[in-house]
Amino acid sequence: GAVVSQHPSRVICKSGTSVKIECRSLDFQATTMFWYRQFPKQSLMLMATSNEGSKATYEQGVEKDKFLINHASLTLSTLTVTSAHPEDSSFYICSATLAGRETQYFGPGTRLLVL
Amino acid sequence: KNQVEQSPQSLIILEGKNCTLQCNYTVSPFSNLRWYKQDTGRGPVSLTIMTFSENTKSNGRYTATLDADTKQSSLHITASQLSDSASYICVVSGYSSASKIIFGSGTRLSIRP
């Protein structure tokens with residue numbers, strides 16, 4: 001149980017385009033979802049926390065207008081990287097928590113390459 | 001400042017050998033500590049979780065220890081296998097908003113045949 005999926009697993013796009021990444025909790029309802037970014041050989045960096053039906057809370061230094069997060073249902077959150085640039089190339093990972101619990105279940109990640 | 005530091009940064013051992021990874025933290029007030037295993041190009045998978053009152057917890061060949069007084073944790077891997085090659089991340093959670101979830105930088109473990 002507690003499986004989290006991400007789609008797509010990898011994406012290559014041109015600079016200036018927007019990319020949407022989906023995060024789904026497959027067998028549970030996730031009241032809270034987290035979005036992380038991970039650069040090579042570095043640890044995960046929390047970008048934002050989103051609760052279903054409310055606006056996401058962004059970490060300091062993360063541009064909310066560039067990284068749009070939507071958490072419209074208890075099983076789906078999306079991250080849209082708008083006007084992507086090569087420096088946005090990274091590994092994006094989402095996680096989800098069950099209501100009332102702290103354990104985060106991580107998705108498999110999405111590798112974004114912006115050319 | 002709330003921090004989580006892991007050592008060593010990387011480690012190479014032969015298959016079948018044991019190893020111990022370290023995690024020191026300054027997160028306060030402390031809530032819990034988790035060890036995750038992250039295979040290359042994959043999301044992290046939880047190995048163990050310990051609260052303040054727990055000193056040790058095992059998950060198969062993985063045994064985590066916690067000393068809340070010295071704010072140190074270790075992850076011991078017994079009889080290593082090639083599939084243990086991964087990054088191991090220590091994550092500490094606190095009760096305050098400033099210390100809610102702090103990730104260590106991880107230890108990259110490579111198992112050689």
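The sequence lines fix the lettering, A, B, ..., with proteins before strands; numbering per chain opens at 1.
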Interface moiety of T40(B) toward chain A, non-hydrogen atoms closer than 4.5 Å: neither
Interchain contact, N32(B) with chain A, by part (heavy-atom threshold 4.5 Å): side chain
Euclidean distance, I101(B) CD1 relative to L44(A) CG, rounded to 0.5 Å: 11.0 Å
Heavy-atom contact with chain B under 4.5 Å, split by part of E59(A): side chain
Closest heavy-atom pair and its distance - S43(A), G104(B): OG-O, 2.5 Å
ILVMFWY cluster, W35(B) and I102(B) together (side-chain gap under 4.5 Å): yes
Same apolar cluster (I L V M F W Y, side chains within < 4.5 Å links), L68(A)/L46(A): no
Atom group of Q38(B) that falls short of 4.5 Å from chain A, counting heavy atoms: side chain
Y36(A)-M33(A) co-clustered via ILVMFWY side chain contacts under 4.5 Å: no
Whether over 12 other heavy atoms sit under 6.0 Å from K55(A) NZ: no
Side chains of residues 84-92 of chain B: which donor-acceptor pairs under 3.5 Å do they make with residues two or more places apart or in other chains?
{"unit_1": "D84(B)", "atom_1": "OD1", "unit_2": "R61(B)", "atom_2": "NH2", "d": "2.9"}
{"unit_1": "D84(B)", "atom_1": "OD1", "unit_2": "Y62(B)", "atom_2": "OH", "d": "2.9"}
{"unit_1": "D84(B)", "atom_1": "OD2", "unit_2": "R61(B)", "atom_2": "NH1", "d": "2.8"}
{"unit_1": "D84(B)", "atom_1": "OD2", "unit_2": "R61(B)", "atom_2": "NH2", "d": "3.2"}
{"unit_1": "D84(B)", "atom_1": "OD2", "unit_2": "Q81(B)", "atom_2": "N", "d": "2.8"}
{"unit_1": "S85(B)", "atom_1": "OG", "unit_2": "L82(B)", "atom_2": "O", "d": "3.1"}
{"unit_1": "S85(B)", "atom_1": "OG", "unit_2": "I111(B)", "atom_2": "N", "d": "2.9"}
{"unit_1": "Y88(B)", "atom_1": "OH", "unit_2": "Y62(B)", "atom_2": "OH", "d": "3.4"}
{"unit_1": "Y88(B)", "atom_1": "OH", "unit_2": "D84(B)", "atom_2": "O", "d": "2.6"}

Under 4.5 Å from any heavy atom of chain B - which part of I93(A): side chain
Top contributor to chain B interface from Q42(A), Q104(A), M45(A), R10(A) [non-hydrogen pairs under 4.5 Å]: Q104(A)
Same apolar cluster (I L V M F W Y, side chains within < 4.5 Å links), L11(B)/I77(B): yes
Side chain proximity check, Y105(A) to V45(B), heavy atoms < 4.5 angstrom: no
Path from Y36(B) to F91(A) over hydrophobic side-chain contacts below 4.5 Å: yes
